[in-house]
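Right, one structure below, let's go through it.
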Amino acid sequence: MWKRFSVALATASIFAAGAALAQTKTVTLWHVFNLETDMIYGGIEAFNASQKEYRIEPRLVPATQIVTELIKATATGSVPDLATLDNPVVASFSGQGTLTDLTDLVAKSQVVRPDIYFQGPWASAQWKGRTFGVPRDANTLALYYNADMFRAKGLDPDKPPKTWSELRAAAEKLRDPAKNVYGFGFCAMQAEEGVFQFLPFLTQAGGSIDKLDQPEATAALEFLSAMVKDGLASKDVINQRQYEVINTFMAGNTAMALGGPWELPRMEKEAKFDWRLTLLPVKDDKKVAASALGGYVFVAPKGAKQVEGAFRFIEFMSNPKILNEGWKSGRLAPRTDVKVDNPLWPQAYGIYLEQMKSAKARGPHPQWPDISKAMQTAMQEAITNAKPAQQAMQEAARKIQPILAKTPL
Amino acid sequence: MKTLANLPAPRIAGPAQAGFLKFGVPRMRSPLLYVFLIVPVGYLIALVGFPVGYNLLMSVQEVNLGNIVTLARPFVGLDNYRAVLADPSFQKVFVNSLLFVGVNVIAQIGIGLAVALFFARGFPGAQLLRGLLLAAWMLPALVVGALWKWIFATEYGLANAALSKLGLIGAPIHWLSDPAVALTSVTIANIWFGMPFSMILIAAALMSIPKELYEAASLDGAGSFARFRYITLPGLQATLFAVACLVTIYTMRAFDLIFAMTQGGPLDASNVLPLLSYQFSFQQFKFDIGSAIGSFSFVIVFVVALIYVRTLKKEAIA
């Protein structure tokens, strides 16, 4: 009762303020970027100052909650005008009709031009030939390694592993049980993060998500589960989030670890050793460079009231001048025409830019969560020794194939 | 409404009843009584009845992201329940939930009783320490979960370091990454988290047992065990039962702590019903299946809540 009363009061005062400012329309934005240096903060400020027609009102929602919050908002019909979504879930929303179709706005736009975007990020926001979002940033994985440990174990830090067998050999040398040091770390947890880290291996082995029952897919999973079984990676990888894997790397408990560019700001602050980055090692007999694509997409939920204003802000944020700022917090631009001059962490920048070229989008598929879940289960089964990798993968294939038969990738 | 109004209200509103009589207001049929009843009943219908009803509705419909905004969704009868029952992860998680709740109830009451008795000895600083214990209970579950995830880390965690220093374990235990151990680990964390609450309730009940009983028993030559068995336990019986019900209800809802520690993994080894329901709803976007799982939890909690209310009534009468 009281709540409703105070809400009414607040609404009334907003109307009053609106009347005073006459034309300024509020565009609500939900985003997940909690690092103060993220480009979105400067972008919102600059956008609000640049014109009087729209005012962005941001709300920070933790990354783990934004999907839940957006679903609640959709169910109650009180959606924000703009939100940032992790790219693999965009298709779930667009494929089930819960996002505003931006195709016509994009067609008219001078800034958001599909041909300028990297294929992966752009594809992640498309569904059935229509555009439901615009990529905000992009990221992918590469291999962090501790050059000090390399030297201590007689490895050349200028020659990091380039193939799976070199990766394994290096991990064997770097491993030091007496000091609680593992050679290699990755995330295999029962969540999308685990699949994100597994997909590069799957593609490198020549496998794909629609052919998990093939020997290539089994080879990829066997490679990783053997790393755990042989003690080269901790059994805890089954339960470590990506940032926790990097925690163990920064604490000196892991000599090499998979990680994204978003780790760079804290890596610089907290890692007290000579850390470096290299491209993901490829499978010896295939030599397929591959990685998975991450990153956030701007979307306007269906029912958004200020779609025009939201799109104006998307255009503003897609300007190369703003996207240039992204690298300061470890975010790569999703477009090919952005070159960062004098980048922070130049070595890492070069590696991630190179790795981006082979970064594959997850999906897009409206049932990606189901596909991902089947993969997660297979990974957990093989790594915990509950089932052989081949059997786990075949069971995953049996779950995934009917989904893909109905709606192909 | 009728049955509520016919309750022996005077028993519940003891002191007020005297006041009513003094001013000559009829005991039972006061219009004011109805007004006072309408408020809580309306509140319950709006904030408990509606969500439960809505959940039941969703559990017999096909609900996805596309139609969650409307009420007119395809009716599928009991299909969702059939799908849930046939799902191997549900069967595993159902058993997990029963184990998790059962062990939590026994341990939280056992340890809570022991700690309450310990503090009841009244040594210097007892009150302060007891208060500090309660501080743990007031932490957000996500924080407690992160803390225990760190304690249970295989290589650098406190638990393995302490146990190996004491010479109790040879090889490190994979607390959270071994499917055979994970449920035990989250149970330990939840017992630690919930125990202070049980302890405080038991401590309060301990204080209400008249000291003279103990003095008289001592004079009669009763030892400490006999005093515990024949005075303390009977005195606490009603409280212990109520605490058991409350712990069951709270533990049935456990979500954040496990989410922070293991996300229910590995392989659902540490998953419980509310978390599974969340995963289906908000990670797989299968709101219908999530609702059906929610109904199972609801039935269990509802039965326990009924038992709890009955005990409270008995206690009030006694």
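Atom set for the values below is all heavy atoms of this structure, side chains included, hydrogens, waters and symmetry mates excluded. Residue numbering restarts at 1 for every chain, and letters A, B, ... go by the order of the sequence lines.
- At a threshold of 4.5 Å between non-hydrogen side-chain atoms, the residues Q283(B) and K373(A) do not count as touching.
- The choice from D178(B), T70(B), I68(B) that makes the most heavy-atom pairs within less than 4.5 Å of chain A is I68(B).
- One distance of note links CD of Q376(A) with CD of Q263(B); it measures 9.0 Å at 0.5 Å rounding.
- Rounding to the nearest 0.5 Å places CG of N64(B) at 4.5 Å from CD of Q96(A).
- Formation of a donor-acceptor pair under 3.5 Å by the Q190(A) side chain with backbone atoms of P266(B) is not found in this model.
- For N239(A) (side chain) and A153(B) (main-chain N/O), no donor-acceptor pair under 3.5 Å exists by modelled atom type.
- Within 6.0 Å of the OH atom in Y54(B), the count of heavy atoms belonging to other residues, nucleotides or ligands exceeds 12.
- D370(A) places a side-chain heavy atom less than 4.5 Å from the side chain of K286(B).
- Between K235(A) and T154(B) there is no side-chain heavy-atom pair separated by less than 4.5 Å.
- Here the closest non-hydrogen pair linking E155(B) and N180(A) is O-ND2, 3.1 Å.
- At least one side-chain heavy atom of F285(B) sits under 4.5 Å from a side-chain heavy atom of I71(A).
- Residues of residues 382-402 of chain A lying under 4.5 angstrom from chain B, judged on non-hydrogen atoms, are T384(A), A386(A) by number.
- With a 4.5 angstrom heavy-atom cutoff, S372(A) does not touch chain B via any of its atoms.
- Heavy atoms of Y182(A) lying under 4.5 Å from chain B belong exclusively to its side chain.
- Put simply, of T98(A), T68(A), I238(A), T64(A), the one with the most heavy-atom pairs under 4.5 Å next to chain B is T68(A).
- By the 4.5 Å heavy-atom criterion applied to side chains, E244(A) and K149(B) are counted as neighbours.
- The closest side-chain heavy-atom distance from V67(A) to F282(B) is not below 4.5 Å.
- In this structure, chain B has heavy atoms under 4.5 Å from both the backbone and the side chain of T74(A).
- Only the side chain of P179(B) comes within less than 4.5 Å of a heavy atom of chain A; its backbone N, CA, C and O stay farther away.
- If you measure heavy-atom distances from D236(A) to chain B, the contacts under 4.5 Å come from both the backbone and the side chain.
- The shortest distance between side-chain heavy atoms of M189(A) and T262(B) does not fall below 4.5 Å.
- There is no contact between M379(A) and chain B, counting heavy-atom distances below 4.5 Å.
- Other residues, nucleotides and ligands contribute over 12 non-hydrogen atoms within 6.0 Å of the CZ atom of F273(A).
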